Amino acid sequence: MHNSNALPDLSGRRVVVPGGTGAVGEGVVRSYLAAGADVVVPTRTQERAEEFRRVLGDAATDHLHLVVHDYTTFAGAEQLAEEMERRLGGVDDVVAPIGGWWAGKRLWEIDESDWQNAFVGLAAAHVAVLRAFLPRLDARGAYTLIVGASAFTPVPGSGLVSMEQAALLMMRQVVEAEVAGRQRVFALVLGPVRTRLADSGDPDWVSAEQVGAVAVAASASAAVDGLEIRLRSRAEADEALAVLQGDRPARTGEVVAASTMEPGNGRREDLLEVLAELAPQIRAEPGCLHYSVHRPHGGGDGPLLVIQRFASIEAFTEHSASVADQIPRIAALLATPPMPPTLFEPVL
Ligand SMILES: NC(=O)c1ccc[n+]([C@@H]2O[C@H](COP(=O)([O-])OP(=O)(O)OC[C@H]3O[C@@H](n4cnc5c(N)ncnc54)[C@H](OP(=O)(O)O)[C@@H]3O)[C@@H](O)[C@H]2O)c1
């Protein structure tokens, strides 16, 4: 396991953490303070400021700058950025764990205030902070968004969260293309997190401090370009730290695996059933981006085509190992012995 306690020294670095008072934000703030950075935490209410100072206890050193300020509007975020420049002389990094969970209605049941609160308000707060701070970051500074894996996994009854977080992931991609390497834009995509508000005790969940350690490592890793980093388990957090600390190369690019399967006589439906049964397990694999099964256009008989897309060749290798015990089951339903999939990588 990677040593997530070994935080790099970020003394003198000025970091702003809007949303820092929240459950995940606490771990981020603690980690940057432990790394020696000056940490600005804006919060919209005095009560929240006082509560957060109590939560931090002794960790609230002189390097914590807790300010009551509404950073969620364009004007408010701009004022905060100007104030930070005036008081601290600039800003080096931003981490934005803004917003929390929303649940309880299917999309056709939402009303306008749900839409404004769970989508428009949160998305606007992120854009406000981004447009105020990103242009002010020093070259190679890190801008780190924090979102949940619901950005790419639909959660019935929480659709507004999925939609808003998916929009933020696209925002990261657009901004990364627009800054063209001047700053580094990261997104940490979280699974369930152990926080002061929800601690399952499950050692496989990442803790808020581990999320903070990865954000700190992103700030410190000037040589690593912006990335979308998945932190859905301790193992993924350890891997992210290893990559950001330069101990392991970043995983290579995406891979498409295409397999053609000719069903045995009368076994087409059985084969489709097995492939459908495997779909949830394969789609839930950490590196799996896509899994679909196709028949010849127009229907009827003929081979089935299985198309899978993986985040990297390593993710494909892990997938192959995890489905190896299913191969005999599938082979028994094929007209010809199964062949390894053909692998493709992007050209354009
Ligand atoms: N907690 C988890 O297990 C978990 C899991 C997966 C993903 N995430 C993601 O991590 C991020 C932070 O989640 P969290 O659990 O830390 O949330 P949280 O405890 O609710 O904290 C979010 C913070 O965002 C700020 N905020 C600004 N505008 C807001 C608005 N319109 N509504 C609500 N909060 C607003 C609040 O700070 P002030 O009131 O002080 O301004 C609040 O403290 C979110 O993107 C979430 O999806 C969390």
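Just so you know, these numbers use all the heavy atoms, side chains as well, and skip hydrogens, waters and symmetry mates. Both ligands and their constituent atoms are indexed starting at 1 by order of listing. Counting begins at 1 with the first residue of the sequence. What you are looking at is a predicted structure, and each value in this text was computed from that prediction instead of being measured.
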Which residue holds the protein heavy atom closest to atom 48 (C) of ligand 1, what is that atom called, and what is the gap in Å?
Val24 CG2, 3.7 Å
Of all the heavy atoms in Gln165, does at least one lie under 4.0 Å from an atom in ligand 1?
yes
Thr153 versus Arg283, side-chain donor and acceptor atoms under 3.5 Å
no
Thr72 to ligand 1: N or O pair under 3.5 Å?
no
Please state which option from Gly27, Gly99, Gly22 has its nearest heavy atom closest to atom 12 (C) of ligand 1.
Gly99
Less than 4.5 Å apart, any side-chain heavy atom of Leu190 and any of Val147?
no
Is the contact between Asn117 and ligand 1 made by the side chain, the backbone, both, or neither, using heavy atoms and a 4.0 Å cut-off?
neither
Protein residue, atom and distance nearest to atom 10 (O) of ligand 1, heavy-atom basis
Ile146 CG2, 3.6 Å
Is the contact between Tyr71 and ligand 1 made by the side chain, the backbone, both, or neither, using heavy atoms and a 4.0 Å cut-off?
side chain
Relative to the heavy atoms of Gly19, which atoms of ligand 1 are at a distance of less than 4.0 Å?
23 (C), 24 (O), 25 (C)
Tightest non-hydrogen contact, residues Gln183 and Leu134, listed as NE2-O, 3.1 Å
Top protein contact for atom 15 (O) of ligand 1, by heavy-atom distance:
Ala23 CB, 3.9 Å
Atom pair OG (Ser292) and CG (Leu275), whose distance is rounded to the nearest 0.5 Å
11.0 Å
Could you pull out, from Leu231, Val17, Val147, Val193, the option with a heavy atom nearest to atom 2 (C) of ligand 1?
Val193
With a cut-off of under 6.0 Å to the ring centre and 45° to the axis, is Arg230 in cation-pi contact with Phe152?
yes
Where do Thr144 and Arg184 land on the side-chain hydrogen bond (donor to acceptor under 3.5 Å, both in side chains) test, with the steps shown first?
CA-CA 8 Å; Thr144 303; Arg184 300 171 306 125; over 6 Å; no
closest protein heavy atom to atom 6 (C) of ligand 1 is Gly191 O, 3.3 Å
I'd like to check which ligand 1 atoms, numbered from 1 as shown, lie under 4.0 Å from a non-hydrogen atom of Ile98.
24 (O), 26 (N), 27 (C), 28 (N), 45 (O)
Taking only non-hydrogen atoms of Arg48 and a 4.0 Å limit, the atoms of ligand 1 in range are 38 (P), 39 (O), 40 (O), 42 (C), 43 (O)
Quick one: do Glu285 and Gln281 satisfy side-chain hydrogen bond (donor to acceptor under 3.5 Å, both in side chains)? Show the steps, please.
CA-CA 7 Å; Glu285 287 171 10; Gln281 173 199 326; 4.7 Å; no
Between His290 and Gln308, is there a side-chain donor-acceptor contact under 3.5 Å, judged purely by atom types and distance?
no
protein heavy-atom neighbour closest to atom 35 (C) of ligand 1 works out as Arg44 NH2, 3.3 Å
Would you mind checking if Arg14 and Asp138 are paired as a salt bridge, meaning a charged N to carboxylate O distance below 4.0 Å?
yes
Is the contact between Thr43 and ligand 1 made by the side chain, the backbone, both, or neither, using heavy atoms and a 4.0 Å cut-off?
both
Give the residue and atom name of whichever protein heavy atom lies nearest to atom 20 (O) of ligand 1, and the separation in Å to one decimal.
Gly100 CA, 3.7 Å
Got the closest protein heavy atom to atom 32 (N) of ligand 1, with its distance?
Leu122 CD2, 3.8 Å
Residue, atom and distance of the protein heavy atom nearest atom 8 (N) of ligand 1 read Leu190 CD1, 3.9 Å
Can you tell me if CD on Glu109 sees more than 12 non-hydrogen neighbours from other groups inside 6.0 Å?
yes
Shortest non-hydrogen separation from Leu80 to Tyr71 and the atoms involved:
CD2-CB, 4.0 Å
